[in-house]
Amino acid sequence: MNLLHLIQAKFRTALTGLVPDPEPYVAMIKAAQDAKHGDYQANCAMALAKALGKKPREIAEDLVNRLQLCDLLEKPEIAGPGFINLRLQSSWLAKTVQSIANDDRLGVEKAQAVKTYVIDYSSPNVAKPLHVGHLRSTIIGDALTRLLRFLGHTVVTDNHLGDWGTQFGILLYGYKNLRNADAYKKDPVRELTRIYLEVRRLIGVEDEDEAVNPIAEACRAETAKLHKGDPENVAIWQDFMPPCLEEIHAIYRKLGVPPFDHEHGESFYNPLLPGVVDSLLEKKVAEPGDGGAIIIRFSENNVALVRKRDGAFTYTTSDLATIQYRLKHFKPQAMLYVVDFRQSQHFANLFEAARRWGVSNVELTHISFGSVLGPDKRPIKTREGGAVELGSLIDEAIQQGRQVVDANSPELPDAERAEVAEAIGIGAVKYADLCQNRTSDYIFSFDKMMAMEGNTGTYMQYAYVRNRGIFRKAAIDPLTLRKNPPAVALDTPYERALALQLLKLEESLLSAVADYQPSAVTAYLWDLAKTYSGFFQNCPVIKAESDAVKQSRLLLCDLTARVLQQCLELLGIKTVERM
RNA sequence: GCCCCCGUAGCUCAGGGGAUAGAGCAUCGGUUUCCUAAACCGAGGGUCGCAGGUUCGAAUCCUGCCGGGGGUACCA
């Protein structure tokens, strides 16, 4: 059910014959910015004035006369210079809401052109615990996956683990020279983290002008040995991997992120890399660079390495191999990379290199996002200056959620409060992240995201819980209501606004997917929750003036609850019945 | 140096050709015999960084400048 598309179709018909190509003008129909201008507005009359050599208002009148309103629209109004203000018939809204009351998909149609997407997200370094920097990639990627799948697309999720790069050279060097065997046995990941940081500290900041740092050089040598298949290094690497992976998977479970379809890390592509470089050279995509390195040149001073002078390959090489592999095995129409904005240039170069290499007929998109900042507006750090570990951040969020439940519903059983704490805490973190335009940085603040007012996850949960309370109190089973949906009456502005908002679900999901912006869903949720609160405040349900009104309002409530729940689920956020 | 992103209310941010520029927080005022007031309603608050340009129409597109962030061949 897509109101915008229905209205646009009417204008498409009306415009046909007036102009050679109606599409640009059809695109000028959008939801009204101000409710007093109606539900939707068409802004095409002004633009048509020049093309048709007539006054905008005359064109608007002509268009309105050509429109087949049917029972969808009321008679449009022409305002200002030539705006056409459109208002849906309330009877049509009522009928349509009733018709989707028992629809599993809440009136959302599946995409007609089904595509296959490969989404690359989270992609942590296996050598280090997940930190707050992985939060955005993971939850944005998860939300996009859920959205695309809900709309009927095929999505292949792939966690492109950093399990093979220079950081493993650092670890190998540290493992051989600095390892505390007991500590490693007890908690390998913790000890590896310590080793990693220790080696980084020993290397310090590398300066181009200074003599080559011997430790950095030794680490690079370890990386190169690993890449060449040195048995000792490969064995140590194989020893590292399982505990590190388990640590990462435990975080995903805690966060409620489902397992990936694939976890083909960089190591997976290692055997392909020499062939990739050969092919790049053969096709003149790559050329020799300084000191025996092999490079791809994009401009005078924009160059990507594909083979270092010591023979090791880089992430550009590995990413090109990955593109080739995914094309062959998944045959996608699109490959999406949910990676932070600092890698924009890498992806611009990577995609350009892939095109030159012959990759075509596939969308390659870098879904860039901003940084998570601390209160000082600098990338968030612990008090000690280290990275904030994701595991402890999630624990803290759950604890914060617990405080909310304990303060408000101490009467709930302990087990239920624990469950609610998790849903609220983790939900608040995810919501706070997803409700930002992803390209912006944002300041991480538990106080703000846990706030019970404003556009927060907690507010959404609350809207849902208050709604469910009605059914509990009235002892009404929503399933029974849905099976035999009552007639819907939209006699107050609150009910009408709610019905309209419910029918805009598909529009919001399509817009979220069109620009890969989960914040389109939170914006929709915010509008819906606000509209619902107005309804809740002004339209008593259990004590409605008649049974017919009560039944109608119950249906609106039930549909609202389901839309709230569905949207939150698409964002990876769980709902609870009480809080 | 070169390239990319950002600059909108006191604060945090929406809006990316259309009507008097919106929301949340904060501030001030109002609403509860009623389904969770963790709510709702209202008020004040803006040279949309600056200057040009394109357009019937610019916060939005183009150019320049100022300010902030990021990247810039052997990390990923």
Side-chain angles (χ1 to χ4, degrees), chain A residues 28 30 32-34 36-37 41 43-44 46-47 49-50 56 79-83 85 123 125 160 162 164-167 169-170 200 206 208 216 219-220 223 266 289-310 312-316 318-319 339-346 348 368 370-371 373 377-379 404 407-409 435-437 439-443 445 447-448 451-456 458-459 461-463 465-474 519 523 526-527 530 533-534 536-544 553 557 578-579:
Chain A
M28 291 180 195
K30 38 189 78 170
Q33 288 183 358
D34 190 327
K36 75 184 172 205
H37 297 137
Q41 60 183 62
N43 299 337
C44 50
M46 285 82 80
K50 192 165 270 183
F83 295 103
N85 293 336
S123 308
N125 278 335
H160 193 71
W164 201 245
T166 305
Q167 76 274 16
I170 293 174
R200 291 303 300 223
E206 272 197 276
E208 279 182 37
C219 291
R220 275 194 283 269
T223 311
E266 291 168 340
D290 296 344
I294 297 182
I295 61 166
I296 302 175
R297 183 172 291 284
F298 300 98
S299 70
E300 176 98 33
N301 46 15
N302 179 10
V303 158
L305 269 181
V306 290
R307 199 175 77 193
K308 304 184 206 172
R309 58 175 175 241
D310 63 8
F313 301 103
T314 70
Y315 73 146
T316 303
S318 169
D319 281 355
V339 180
D340 86 88
F341 73 104
R342 284 181 293 245
Q343 293 192 37
S344 305
Q345 191 175 36
H346 165 66
S368 156
S371 306
L373 306 179
K377 298 197 178 185
R378 303 291 308 164
V404 174
N408 288 288
S409 298
C435 82
Q436 295 284 322
N437 179 328
T439 59
S440 312
D441 295 346
Y442 76 96
I443 296 173
S445 156
D447 286 348
K448 276 193 95 161
M452 303 160 186
E453 314 81 29
N455 189 6
T456 67
T458 316
Y459 177 89
Q461 302 270 10
Y462 179 58
V465 162
R466 286 207 296 178
N467 181 313
R468 303 300 296 160
I470 294 174
F471 288 85
R472 201 165 41 241
K473 187 126 186 171
S519 63
W526 172 238
D527 281 343
K530 291 278 282 182
S533 284
F536 183 88
Q537 191 78 14
N538 294 286
C539 302
V541 177
I542 296 173
K543 294 185 179 171
R553 287 179 180 170
C557 281
R578 296 186 289 184
M579 62 188 273

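Atoms considered below: every heavy atom in the structure, side chains included; atoms not considered: hydrogens, waters and symmetry mates.
For Gln41(A) and Asn43(A), the side-chain atoms include at least one donor-acceptor pair closer than 3.5 Å. Side-chain N/O atoms of Ser445(A) and Asp447(A) include no donor and acceptor closer than 3.5 Å.
Across all strands shown, Ser440(A) has heavy atoms under 4.0 Å from sugar-phosphate atoms exclusively, and none from any base. Ala312(A) comes within contact range of no nucleotide atom at all, as no heavy-atom separation falls under 4.0 Å. Across all strands, Asp447(A) comes closer than 4.0 Å to no nucleic acid atom at all (heavy-atom distances). Using a 4.0 Å heavy-atom cutoff across all strands shown, Ala523(A) reaches no nucleic acid atom at all.
For Ala474(A), the side-chain contact (heavy atoms from CB on, under 4.5 Å) partners at least two apart in sequence or on another chain are Ile476(A), Ile542(A). Here Tyr315(A) pairs with His346(A) under the ring-ring contact (aromatic ring centres under 6.0 Å, His included) rule; sequence neighbours left out. Applying the side-chain contact (heavy atoms from CB on, under 4.5 Å) test to Tyr462(A) and every residue at least two apart in sequence or in another chain returns Arg466(A), Met579(A).
The separation of A21(B) from G29(B), taken at their P atoms, amounts to 28 Å, rounded to a whole angstrom. To the nearest whole angstrom, the two C1' atoms, one in A14(B) and one in G22(B), are 7 Å apart. Using atom C1' as the reference point in both U60(B) and C2(B), the two lie 28 Å apart (nearest Å). When the C1' atom is compared between G67(B) and G44(B), the two are found 30 Å apart, to the nearest whole Å. Distance noted for atom C1' between C6(B) and G15(B): 15 Å (whole Å). Nucleotides G10(B) and G30(B), compared at atom C1', are 24 Å apart to the nearest Å. Between G18(B) and G57(B), the distance separating the two C1' atoms is 7 Å to the nearest Å. Across the C1' atoms, G42(B) and U55(B) are found 39 Å apart, a figure rounded to whole Å.
A donor and an acceptor atom never sit less than 3.5 Å apart when one is taken from the side chain of Asp527(A) and the other from the base of A23(B). The base of A19(B) is not paired with the side chain of Gln33(A) by any donor and acceptor separated by under 3.5 Å. Not a single donor-acceptor pair, N or O on each side, falls under 3.5 Å between the base of A76(B) and the side chain of Asn125(A).
Distance, Asn43(A) CG to U60(B) P: 18 Å, rounded to whole Å. With rounding to whole Å, Arg297(A) atom CZ is found 14 Å from C74(B) atom P. A straight line from CD of Gln345(A) to C1' of C2(B) spans 10 Å, rounded to a whole angstrom. Atom-to-atom, CD of Glu453(A) to P of A37(B) comes out at 14 Å; the value is rounded to the nearest Å. Distance Asp340(A) CG to G69(B) C1': 13 Å, rounded to the nearest Å. Atoms NE2 (His346(A)) and P (C4(B)) sit 18 Å apart, rounded to a whole Å. Straight-line distance from the CH2 atom of Trp526(A) to the C1' atom of C13(B): 13 Å, rounded to whole Å. For the pair Phe341(A) CZ and G69(B) P, the interatomic distance rounds to 11 Å; values are reported in whole Å.
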Review item, nucleotides 6-12 of chain B N/O atoms under 3.5 Å of protein N/O:
{"unit_1": "U12(B)", "atom_1": "OP1", "unit_2": "Lys377(A)", "atom_2": "NZ", "d": "2.5"}
{"unit_1": "U12(B)", "atom_1": "O2'", "unit_2": "Lys448(A)", "atom_2": "NZ", "d": "3.4"}

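For A39(B), neither phosphate oxygen OP1 nor OP2 lies less than 4.0 angstrom from any side-chain nitrogen or oxygen of Ser533(A). Distances shown here put a side-chain N or O of Tyr459(A) below 4.0 Å from the OP1 or OP2 atom of C40(B). At least one side-chain nitrogen or oxygen of Thr166(A) sits closer than 4.0 Å to the OP1 or OP2 atom of A76(B). Under 4.0 angstrom from either OP1 or OP2 of C3(B) there lies no side-chain N or O belonging to Arg342(A). Contact annotation: Asn437(A) reaches the phosphate of G15(B) (side-chain N/O to OP1 or OP2, under 4.0 Å).
One finds the CZ atom of Arg342(A) at 10.0 Å from the OG atom of Ser368(A) (value rounded to the nearest 0.5 Å). Taken to the nearest 0.5 Å, the CG atom of Asn467(A) stands 5.0 Å off from the SG atom of Cys557(A). Taking CG from Asn455(A) and CD from Gln436(A), the interatomic distance works out to 9.5 Å, rounded to the nearest 0.5 Å. In this structure, OH on Tyr442(A) lies 9.0 Å from SG on Cys435(A), to the nearest 0.5 angstrom.
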(message) Show me the dot-bracket string of RNA chain B, counting Watson-Crick or G-U pairs under 3.5 Å, with | for pairs to another strand and [ ] for crossing ones.
(response) (((((((..((((....[...)))).(((((.......))))).....(((((..]....))))))))))))....
(request) Go through Thr223(A) and Trp164(A) one step at a time and tell me if the side chain to side chain contact (heavy atoms under 4.5 Å, CB included) criterion holds. (result) CA-CA 8 Å; Thr223(A) 311; Trp164(A) 201 245; over 6 Å; no
(message) Quick one, Asp441(A) with Phe341(A), criterion side chain to side chain contact (heavy atoms under 4.5 Å, CB included). Give me CA distance, side-chain angles, the key distance, then yes/no.
(response) CA-CA 10 Å; Asp441(A) 295 346; Phe341(A) 73 104; 4.2 Å; yes
(message) Would Tyr459(A) and Lys530(A) count as a side chain to side chain contact (heavy atoms under 4.5 Å, CB included) here? Give the steps.
(response) CA-CA 10 Å; Tyr459(A) 177 89; Lys530(A) 291 278 282 182; 4.0 Å; yes
(request) Kindly indicate, with the supporting measurements, whether the criterion side chain to side chain contact (heavy atoms under 4.5 Å, CB included) is fulfilled by Ile443(A) and Lys377(A). (result) CA-CA 7 Å; Ile443(A) 296 173; Lys377(A) 298 197 178 185; 3.9 Å; yes
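Comparing Arg378(A) and Pro81(A), the nucleotide of RNA chain B nearest to each residue sits closer to the 5' end for Pro81(A). Along RNA chain B, the nucleotide nearest to Ala407(A) and the one nearest to Gln167(A) differ in position, and the one closer to the 5' end is contacted by Ala407(A).
Under the stacking criterion of a centre-to-centre distance below 5.5 angstrom and an interplanar angle below 30°, His37(A) sits stacked against the six-membered ring of A19(B).
The side chain of Asn301(A) lies closest to C2(B) when the candidates are C2(B), C74(B), A73(B). Here the nucleotide nearest the side chain of Val404(A), chosen from C25(B), A38(B), C74(B), is A38(B).
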(message) I need a per-nucleotide contact map over nucleotides 27-36 of chain B, read 5' to 3'. Cutoff is protein heavy atoms under 4.0 Å; write B for the base, S for backbone only, - otherwise.
(response) -------SBB
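Side-chain atoms of Thr314(A) come within 3.5 Å of backbone atoms of Thr316(A) as a donor-acceptor pair (strictly under, hydrogens ignored).
A salt bridge does not link Asp310(A) to Lys308(A): none of the charged nitrogens lies less than 4.0 Å from a carboxylate oxygen.
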